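Just so we're clear, the structure is a prediction, and the values are computed from it rather than from any experiment. Values below: every heavy atom of this structure, side chains too, minus hydrogens, waters and symmetry copies.
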Amino acid sequence: MVETFKDVLWKNFGAAIDMLGDSISLCPDSLWQSEKKFFYLSYHTLIFLDYYLTIPARDFKPFLPFTLVPMESLPQDAVDDVIPNAAYKREEMLDYLSTIREKCKKLILDSSEEKLKMKWIAKEEINLHGLCPSLVEDYSVIEILFYNLRHVQHHVAQLNLILRQKINAAPDWVSHSD
């Protein structure tokens, strides 16, 4: 069977999402509560994964809400100014991730070539949620998908480093997704 470009993209993006879920799942309750950096990294990755998959961006409504906080008021170990509105439980994060995973799969597999080439965010949406870095304002949908995939994998590596340092364990590599 000859796989399409979209099939290969999904298999790889899905694997990155699965690895994120595996990292969150492996984190013991004690570490989840004590290691705020792990919590903030997990949340940050979920929010941006969801945001970059929302087309049009004006429809972005995070399942686990956040507040943008001035940089001088950030909590210790915060990753950026996107601060969760609550100390969400791992199960809540994993439920959110499951929803985002399906959203990603649908976007990749159901998008036409024309949609993948179109600009991912309209000018009037750029400052709507306070999440769009100027770096990606002119990206096409396919470019934001690759950017998003790399962003997820970057933070999965950071989460796995914390797990290795704190509990001497990390999840296995996921080569591709279904």
Side-chain angles (χ1 to χ4, degrees), residues 1 3-55 60 62-66 77-80 82-84 86-111 116 120 131-133 135-136 139-178:
M1 177 177 116
E3 291 185 301
T4 68
F5 167 78
K6 292 190 298 184
D7 292 329
V8 172
L9 177 57
W10 166 245
K11 282 184 171 185
N12 283 276
F13 207 142
I17 293 171
D18 292 346
M19 289 178 71
L20 175 59
D22 291 348
S23 296
I24 294 170
S25 294
L26 184 63
C27 183
D29 290 336
S30 59
L31 187 63
W32 186 259
Q33 294 165 5
S34 67
E35 186 64 39
K36 292 301 177 197
K37 185 73 153 190
F38 192 94
F39 170 76
Y40 284 124
L41 274 170
S42 299
Y43 183 80
H44 166 91
T45 309
L46 288 174
I47 285 299
F48 280 93
L49 173 60
D50 188 12
Y51 176 64
Y52 293 141
L53 293 171
T54 305
I55 302 168
F60 176 64
F63 181 71
L64 301 175
F66 64 88
D77 293 325
V79 177
D80 60 11
V82 180
I83 304 302
Y88 301 118
K89 296 177 182 170
R90 275 183 309 136
E91 296 75 24
E92 291 175 297
M93 300 271 241
L94 291 168
D95 287 346
Y96 187 22
L97 183 60
S98 177
T99 300
I100 299 169
R101 186 182 190 281
E102 289 308 309
K103 178 179 183 176
C104 182
K105 184 176 185 178
K106 182 174 177 31
L107 176 63
I108 291 171
L109 297 180
D110 293 351
S111 290
L116 293 174
W120 87 274
L131 299 177
C132 185
L135 170 72
V136 299
Y139 277 21
S140 65
V141 172
I142 193 67
E143 287 173 307
I144 202 67
L145 284 169
F146 277 107
Y147 179 88
N148 200 358
L149 168 61
R150 291 175 45 241
H151 182 256
V152 169
Q153 200 62 53
H154 169 74
H155 289 306
V156 166
Q158 291 175 318
L159 292 169
N160 287 345
L161 176 63
I162 293 170
L163 290 171
R164 281 271 182 228
Q165 291 173 335
K166 301 294 182 177
I167 65 169
N168 196 29
D172 290 334
W173 173 261
V174 177
S175 63
H176 66 276
S177 187
D178 60 350

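At most 12 non-hydrogen atoms from other residues, nucleotides or ligands lie less than 6.0 angstrom from NZ of K106. Counting heavy atoms of neighbouring residues, nucleotides and ligands inside a 6.0 Å radius, atom CG of D110 exceeds 12 of them. In K166, the NZ atom is not crowded: 12 or fewer heavy atoms of neighbouring residues, nucleotides or ligands sit closer than 6.0 Å. Other residues, nucleotides and ligands place no more than 12 heavy atoms under 6.0 Å from the NZ atom of K89.
Judged by distance alone, with hydrogens and angles left aside, the side-chain atoms of N148 form no donor-acceptor pair with the main-chain N or O of I144 at under 3.5 Å. Judged by distance alone, with hydrogens and angles left aside, the side-chain atoms of Y96 form no donor-acceptor pair with the main-chain N or O of P62 at under 3.5 Å. The backbone N or O of W32 sits nowhere less than 3.5 Å from a side-chain atom of R90 that would complete a donor-acceptor pair. Looking only at distances, a side-chain donor or acceptor of S23 sits under 3.5 Å from a matching main-chain atom of M19. When atom types are taken as modelled, the side chain of K6 and the backbone of S111 share a donor-acceptor pair closer than 3.5 angstrom.
The shortest non-hydrogen separation linking F63 to E92 is CE2-O, 4.2 Å. Heavy atoms only, all atoms of each residue included: K103 and T54 are closest at NZ-OG1, 2.6 Å. Residues W173 and S175 approach most closely at NE1-CA, 3.4 Å, considering heavy atoms. The shortest non-hydrogen separation linking L64 to M93 is CD1-SD, 3.9 Å. The shortest heavy-atom contact between A16 and Q153 is CB-OE1, 3.3 Å. When all heavy atoms of W120 and V136 are compared, the closest pair comes out as NE1-O, 2.9 Å.
Scored by the side-chain hydrogen bond (donor to acceptor under 3.5 Å, both in side chains) test, S140 finds E143 as partners (sequence neighbours excluded). Residues passing the side-chain contact (heavy atoms from CB on, under 4.5 Å) test with A15 are V174, sequence neighbours excluded.
The side-chain heavy atoms of L97 and S42, taken from C-beta on, include no pair separated by under 4.5 Å. Using a 4.5 Å heavy-atom threshold, the side chains of L107 and F13 count as separate. Residues T4 and W10 are not in side-chain contact: their nearest non-hydrogen atoms beyond the backbone lie 4.5 Å or more apart.
The aromatic rings of H151 and H44 are tilted relative to each other, their planes meeting at an angle between 30° and 60°. Note: F48 and Y51 have perpendicular aromatic rings, judged against thresholds of 30 and 60 degrees for the angle between ring planes. Between F146 and F5, the ring planes are tilted. Angles from 30° to 60° get that label. In this pair, Y88 and F39 present their aromatic rings tilted. The plane angle is within the 30 to 60° band.
Atom CG of residue L109 and atom CG of residue D7 lie 6.0 Å apart, to the nearest 0.5 angstrom. Expressed to the nearest 0.5 Å, how far OH of Y52 lies from OH of Y147 amounts to 4.0 Å. Interatomic distance, CG of L9 versus SG of C104, reported as 7.5 Å (0.5 Å rounding). Here L41 contributes atom CG and D80 contributes atom CG; the two are 9.5 Å apart, rounded to the nearest 0.5 Å. Atom CG in L159 sits 10.5 Å away from atom CD in E35 (nearest 0.5 Å). Of the inter-residue distances, the one linking I100 atom CD1 with L53 atom CG reads 7.5 Å to the nearest 0.5 angstrom.
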Checking side-chain contact (heavy atoms from CB on, under 4.5 Å) for the pair L26/N160: CA distance, chi angles, key distance, verdict?
CA-CA 10 Å; L26 184 63; N160 287 345; over 6 Å; no
Apply side-chain contact (heavy atoms from CB on, under 4.5 Å) to the pair T45 and V156, showing each step before the final yes or no.
CA-CA 8 Å; T45 309; V156 166; 5.6 Å; no
Chi angles and distances behind the side-chain contact (heavy atoms from CB on, under 4.5 Å) call for D50, T99:
CA-CA 9 Å; D50 188 12; T99 300; over 6 Å; no
Report the C-alpha distance between S177 and R101 in whole Å, list the side-chain angles of each, state the deciding distance to 0.1 Å, and finish with yes or no for side-chain contact (heavy atoms from CB on, under 4.5 Å).
CA-CA 11 Å; S177 187; R101 186 182 190 281; 2.4 Å; yes
